[in-house]
Asks: 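So that we are looking at the same thing, I have put the structure below in structure tokens.
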Amino acid sequence: MPELPLLTDPERALYEWQMWVPGVGEEGQRKLKAASVLISRVGGLGGLVALELAAAGVGKLVLAHGGDLQRPDLNRQLLQTYDHIGKPRMDSIVRRLHELNPRCEIVGVAENVTVANAASLVAQADIVVDAAPLFQERLALNAAAVRAGKPMVECAMHTLEASVTTFVPGRSGCLACYVPEVPPTWTRQFPVFGAVSGTAACIGAMEVIKLITGIGETLCGELLSMDLASMQFRKIRLPKRNDCAVCG
């Protein structure tokens, strides 16, 4: 196992309060510094995951998101600014994250995940975060993560509902166990409040931090389902199908 990087004095000062969390300490912070995370789609949901992980001191973020900023993105994509409309999203994403944490290595890939590029993207990180709106992307990323043996934190939302789970190869099923193919009625555009995306994002970021540092218990094998209209939260045990075409 490679030796963990040392912390500088400015880093100790920056992360002092989170290193007080039981089980973290300087070793946990060094684990965060050594870690790399891939985030698929860095919009209203994935953008907040990236923001929280950069703030926490994760050493490297690999970010995959294509296209130019559109006006309707601004109700939730907090790494964007109004003057960036019509310009590549990734330029603003990288700039804003570096403004928060210039020590974080950020690899911006101005492409959405596909079957063709999923494996090469997953190969660049220790942990994968799926925040894509389309199931074609989600299933391609899931298959690549399973093949590479890497954990994937799955974050999703729709209207006032959100969900988060963590898949760990060998310990849980995978996304294809309960969503084996693209749902025929799913569409790219759907009702969304930024605050709902942000709720799922912060929980997803905490799942990544727990995977890296070893503190707490992750949602491995369980789906946290959240109805923010009624503020009801529940955990659902997810299946691990022996006949799954991806992980079975």
Side-chain angles (χ1 to χ4, degrees), residues 35-47 49-50 53 60-70 73 77 79 88-91 93-94 106-158 163-190 192 197 200-201 204 207-208 211 219-221 223 238-248:
S36 56
V37 180
L38 165 66
I39 303 175
S40 170
R41 292 288 193 130
V42 199
L45 208 168
V49 175
L53 295 181
K60 179 181 178 181
L61 297 177
V62 181
L63 312 174
H65 197 142
D68 297 338
L69 181 67
Q70 306 298 317
D73 296 335
Q77 296 190 13
L79 293 179
R89 290 186 181 94
M90 189 54 66
D91 293 348
I93 290 166
V94 172
I106 299 172
V107 179
V109 181
E111 301 174 6
N112 298 329
V113 169
T114 65
V115 172
N117 66 13
S120 62
L121 289 169
V122 168
Q124 299 179 57
D126 304 317
I127 296 171
V128 174
V129 177
D130 178 21
L134 296 177
F135 278 92
Q136 289 88 339
E137 298 170 52
R138 289 182 179 272
L139 291 171
L141 191 68
N142 173 75
V146 170
R147 285 194 298 268
K150 295 181 179 180
M152 184 172 87
V153 176
E154 176 82 5
C155 306
M157 62 78 52
H158 189 283
S163 63
V164 178
T165 188
T166 295
F167 300 115
V168 180
R171 289 181 50 205
S172 71
C174 73
L175 177 61
C177 284
Y178 76 104
V179 187
E181 56 188 27
V182 177
T185 59
W186 187 258
T187 61
R188 166 67 182 84
Q189 294 179 316
F190 52 85
V192 52
S197 297
E207 284 294 285
V208 174
L211 284 168
L219 289 166
C220 178
L223 179 78
L238 293 177
K240 186 181 188 306
R241 291 175 42 204
N242 293 331
D243 63 345
C244 176
V246 177
C247 73

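Below, each value reflects all heavy atoms present in this structure, side chains not excepted, and no hydrogens, waters or symmetry copies. None of these values were measured; they are calculated from a predicted model.
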Asks: Indicate every side-chain donor-acceptor pair of residues 116-129 with a distance under 3.5 Å to a residue at least two apart or in another chain.
Replies:
residue, atom, partner, partner atom, Å
Asn117, OD1, Thr114, N, 2.7
Asn117, OD1, Thr114, OG1, 3.3
Asn117, ND2, Glu111, OE1, 3.1
Asn117, ND2, Asn112, O, 3.1
Ser120, OG, Asn117, O, 2.9
Gln124, NE2, Ser120, O, 3.3
Asp126, OD2, Ser36, N, 2.9
Asp126, OD2, Ser36, OG, 3.1

Asks: Answer yes or no: is there a side-chain heavy-atom contact under 4.5 Å between Met157 and Val192?
Replies: yes

Asks: When you measure from the side chain of Arg41 to the backbone of His65, do you find a donor-acceptor pair of N or O atoms at a distance under 3.5 Å?
Replies: no

Asks: Ala50 and Leu63: which non-hydrogen atoms are nearest, and at how many Å?
Replies: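 Closest approach of Ala50 to Leu63, heavy atoms only: CB-CD2, 4.2 Å.
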
Asks: Rounded to the nearest 0.5 Å, what separates atom OG in Ser197 from atom CD in Gln77?
Replies: 9.0 Å

Asks: Apply side chain to side chain donor-acceptor pair (under 3.5 Å) to Asp130 and list each qualifying residue two or more places apart in sequence or on a separate chain.
Replies: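 Asp130 satisfies side chain to side chain donor-acceptor pair (under 3.5 Å) with Arg138 once adjacent residues are dropped.
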
Asks: Could you tell me which residues satisfy side chain to side chain donor-acceptor pair (under 3.5 Å) with Thr166, sequence neighbours excluded, listed by chain and number?
Replies: Glu207

Asks: Please report the closest heavy-atom contact between Ala200 and Val164, naming both atoms and the distance.
Replies: O-CG2, 3.6 Å

Asks: Which heavy-atom pair separates Ala64 from Val113 by the least distance, and what is that distance?
Replies: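 Taking Ala64 first and Val113 second, the nearest heavy atoms are CB-CG2, 4.3 Å.
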
Asks: Return the minimal non-hydrogen interatomic distance between Leu45 and Cys155, and the atom names on each side.
Replies: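 Looking at all heavy atoms of both residues, the shortest contact is CD2-CB, 3.4 Å.
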
Asks: Do Val153 and Val49 have side-chain heavy atoms sitting under 4.5 Å apart?
Replies: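 Val153 vs Val49: side chains apart.
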
Asks: Any non-hydrogen side-chain atom of Asp73 less than 4.5 Å from a side-chain atom of Arg89?
Replies: yes

Asks: Name all residues meeting the salt bridge (charged side-chain N to carboxylate O under 4.0 Å, His left out) criterion together with Arg241; count only those two or more places apart in sequence or in a different chain, and write none if there are none.
Replies: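 Applying salt bridge (charged side-chain N to carboxylate O under 4.0 Å, His left out) to Arg241 gives Asp243.
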
Asks: How long is the gap from CZ on Phe135 to CG on Leu141, to the nearest 0.5 Å?
Replies: 13.0 Å

Asks: Suppose we screen for side-chain contact (heavy atoms from CB on, under 4.5 Å). Which residues come up paired with Val146, at least two apart in sequence or across chains?
Replies: Asn142, Cys174, Val246, Cys247

Asks: Sort and list the pairs that fulfil side chain to side chain donor-acceptor pair (under 3.5 Å) and have at least one residue in residues 168-184, not counting sequence neighbours.
Replies: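 Every candidate side chain to side chain donor-acceptor pair (under 3.5 Å) pair involving residues 168-184 fails, so no pair, neighbours aside, qualifies.
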
Asks: CG/Leu38 to CE/Met152 distance, rounded to the nearest 0.5 angstrom?
Replies: 10.0 Å

Asks: Distance from Leu79 atom CG to Asp91 atom CG, nearest 0.5 Å?
Replies: 13.0 Å

Asks: Looking at CG of Leu53 and NZ of Lys60, how far apart are the two atoms once the value is rounded to the nearest 0.5 Å?
Replies: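 Nearest 0.5 Å value for the CG-NZ distance: 14.5 Å.
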
